[in-house]
A.B. asks: 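A single structure is presented below for examination.
On a predicted model such as this, the values are computed, not experimentally measured, just so you know. By convention in this document, chain letters (A, B, ...) are assigned in the order of the sequence lines, proteins followed by strands, and residues within each chain are numbered from 1.
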There are 2 protein chains.
Amino acid sequence: MESGQTRKRENSEQRILDAAISLFATRGYAATGIRQIADKVGLTTASLYYYAHTKDDLLLRIMRLGLGELLSSGQEAMEGSSDPREQIRGLLKVHLTFAASNPERARVIDNEFQWLKEEERESVIALRDAYEQLWADAIANGDRKGLFEVKNASLTRLALLEMCNGATHWFRPNGPMSLEQIVGAFEDMAFALLRCDEPLSGASALEAAAQSPQ
Amino acid sequence: MESGQTRKRENSEQRILDAAISLFATRGYAATGIRQIADKVGLTTASLYYYAHTKDDLLLRIMRLGLGELLSSGQEAMEGSSDPREQIRGLLKVHLTFAASNPERARVIDNEFQWLKEEERESVIALRDAYEQLWADAIANGDRKGLFEVKNASLTRLALLEMCNGATHWFRPNGPMSLEQIVGAFEDMAFALLRCDEPLSGASALEAAAQSPQ
DNA sequence: GTCTATACTAGGATAGAC
DNA sequence: GTCTATCCTAGTATAGAC
């Protein structure tokens, strides 16, 4: 029962956002022209301005949507268990799944902060800080319970996040490693960095069992 | 005995490169205009073209010089010891010292690859690969000698490098941590990631001694 | 070595017709 | 909802005087 206009609007709106993500990711926000975005969608620049008031507006929506998804997935992961090891595993899975299932969007979110206007940037940074706080909480939990051994919690959090974001730079779908393999490898590195020796129930415990003699 | 012209040339040349580094680092290569560089140096755009044939040429020289320095410092560090633990410490110190003593240059080198022309980019990537190979060698040495325990050497190398580059994003001179403190903290995280338990002679050993009871 | 002046292209954004 | 046409600014780069 929706009108043709509504359907068109939703189509074009999403197509514009997708084109912007792709171009911002490969050429950067500053070097991407409003004309290129229009060309990619098959519209004129004038039509673009029917959907977004400015180029900056496109970036803002990409960032807010993406970080919002990441934050709520992260919150779910944190609520899924009170074991800090499970929390770290959950956050790793959320982060890497997000990065791997849409690497372009992840690159834009990670690299193009600076082009937002002051007030916009603040609201986006608040989202990012809330997300990073989840990691800080998980690390602090594990440290308090004696499961992790962390000398500098802030640096460790930053190192973990940078490590994960690194995947954004080289991950390609159809690459040599599956998402599951990547998550597994990052779990291993993360627990090494956190000096977490005690085995977990679940996949890691099963793995350990499979490798030990009967 | 040098002529006034020569002195001027060297001055302007360096001032132009410095201005370009600063602007490329804060606004990105694509968003930096040749006019802004000229303004910052106090010259006209026409004068800039006396020193560099294109804007791209400036970026190329910044990258080649910087990566050249990093590579030769890294090679010295590797030749300084055959103990993989010392090699990793040396590389960490080289990398973090470079990043901390000129964060703008480090950011440009790290982020603006894509704007080089095909052939230029290849020569620059060769430099970067040679530098990363130093890390790969140190990790492989430690693994072979049983000092490190690394499941995926490539991912571990990438994680270490990303971790260090992270410092580029938040390090500010006059910040809360001195360079020595940062290097120390990163040594700790790096050896955790490499699952290296055996203590080293040198600063870490001294530290451990200071903390243990007499 | 540095300037003035200028060529040419592309940038973001808007008015108003359909 | 999408178009044509256009405004104004800023981009890189060059020629030629001093």
A.B. asks: Using whole Å, report how far CG of Leu48(B) lies from P of dG11(D).
C.D. replies: 13 Å
A.B. asks: For residues 59-111 of chain A, which residue pairs qualify under ring-ring contact (aromatic ring centres under 6.0 Å, His included), counting only residues two or more places apart or in two chains?
C.D. replies: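 Listed once each, the pairs are His95(A)-Tyr131(A).
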A.B. asks: With Gln14(A), which residues qualify under side chain to side chain contact (heavy atoms under 4.5 Å, CB included), at least two apart?
C.D. replies: Leu17(A), Asp18(A)
A.B. asks: Tell me which residues in residues 29-36 of chain A lie within less than 4.0 Å of DNA chain C, going by non-hydrogen atoms.
C.D. replies: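 The answer is Thr32(A), Gly33(A), Ile34(A), Arg35(A).
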A.B. asks: In whole Å, what is the span from the CG atom of Leu23(B) to the P atom of dG11(D)?
C.D. replies: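 In whole Å, dG11(D) P and Leu23(B) CG are 11 Å from each other.
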A.B. asks: Starting at atom CH2 of Trp115(A), determine the distance to atom C1' of dG11(C), rounded to an integer number of angstrom.
C.D. replies: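 Trp115(A) atom CH2 is separated from dG11(C) atom C1' by 14 Å.
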A.B. asks: Can you measure Arg27(A) atom CZ to dA10(C) atom C1' for me and round it to whole angstrom units?
C.D. replies: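 Rounded to whole Å, this separation is 12 Å.
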A.B. asks: Identify, with sequence neighbours excluded, every residue that meets side-chain hydrogen bond (donor to acceptor under 3.5 Å, both in side chains) alongside Glu162(A).
C.D. replies: His169(B)
A.B. asks: Between atom CD1 in Ile37(A) and atom C1' in dA10(C), what is the gap in whole Å?
C.D. replies: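 These atoms are roughly 15 Å apart.
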A.B. asks: Mind checking what makes ring pair (Phe, Tyr, Trp, His ring centres under 6.0 Å) contact with Phe24(B), not counting sequence neighbours?
C.D. replies: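 Tyr29(B).
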A.B. asks: Per the salt bridge (charged side-chain N to carboxylate O under 4.0 Å, His left out) rule, what does the pair list look like for residues 98-118 of chain A, sequence neighbours excluded?
C.D. replies: Glu69(A)-Arg105(A), Glu118(A)-Arg121(A)
A.B. asks: Please state whether the phosphate of dG1(D), meaning OP1 or OP2, lies under 4.0 angstrom from any side-chain nitrogen or oxygen of Tyr50(A).
C.D. replies: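 Tyr50(A) to dG1(D) OP1/OP2: side-chain N or O found under 4.0 Å.
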A.B. asks: With a 4.0 Å cutoff (strictly under), does any side-chain N or O of Tyr49(B) reach OP1 or OP2 of dT14(D)?
C.D. replies: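 Answer no for this pair, as no side-chain N or O of Tyr49(B) is under 4.0 Å from OP1 or OP2.
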A.B. asks: Which whole-number value in Å describes the distance from Asp39(B) CG to dA10(D) P?
C.D. replies: 12 Å
A.B. asks: What pairs with Asp188(A) under salt bridge (Lys or Arg N to Asp or Glu O under 4.0 Å), at least two apart in sequence or on another chain?
C.D. replies: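 For Asp188(A), the residues satisfying salt bridge (Lys or Arg N to Asp or Glu O under 4.0 Å) (neighbours in sequence not counted) are Lys151(B), Arg195(B).
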A.B. asks: Would you list the protein and nucleotides 3-5 of chain C atom pairs, both N or O, that sit under 3.5 Å from each other?
C.D. replies:
from	atom 1	to	atom 2	distance (Å)
dC3(C)	OP2	Thr44(B)	N	3.0
dC3(C)	OP2	Thr44(B)	OG1	3.3
dC3(C)	OP2	Ser47(B)	OG	2.8

A.B. asks: So how far off straight is the helix from dG1(C)-dC18(D) to dC18(C)-dG1(D), going by the axes through five pairs at either end, to 10°?
C.D. replies: 10°
A.B. asks: What pairs of donor and acceptor atoms, side-chain ones from residues 41-49 of chain B against any protein atom, are under 3.5 angstrom apart with sequence neighbours left out?
C.D. replies:
from	atom 1	to	atom 2	distance (Å)
Thr44(B)	OG1	Ser47(B)	N	3.4
Thr44(B)	OG1	Ser47(B)	OG	3.2

A.B. asks: Quickly work out the Asp56(B) CG to dA13(D) C1' distance and round it to whole Å.
C.D. replies: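 It is 14 Å, rounded to the nearest whole Å.
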A.B. asks: Could you give all pairs that pass the salt bridge (charged side-chain N to carboxylate O under 4.0 Å, His left out) test and reach residues 48-68 of chain A, with sequence neighbours left out?
C.D. replies: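 Listed by first then second residue: Glu13(A)-Arg61(A), Asp57(A)-Arg61(A).
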A.B. asks: Taking NZ in Lys40(B) as the centre, count heavy atoms belonging to other residues, nucleotides or ligands within less than 6.0 Å. Is the count above 12?
C.D. replies: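 Result for NZ/Lys40(B): enclosed.
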A.B. asks: Among all residues two or more places apart in sequence or in another chain, which pass the side-chain hydrogen bond (donor to acceptor under 3.5 Å, both in side chains) test with Arg172(B)?
C.D. replies: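 By the side-chain hydrogen bond (donor to acceptor under 3.5 Å, both in side chains) rule, Arg172(B) matches no residue at all.
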A.B. asks: Check whether any side-chain N or O of Ser12(A) sits under 4.0 Å from OP1 or OP2 of dT2(D), and answer yes or no.
C.D. replies: yes
A.B. asks: Specify the separation, in whole Å, of atom NE2 of His53(B) and atom P of dA13(D).
C.D. replies: 11 Å
A.B. asks: Could you tell me whether Arg15(B) sits above the aromatic face of Tyr51(B), with NZ or CZ closer than 6.0 angstrom to the six-membered ring centre and within 45 degrees of the axis?
C.D. replies: no
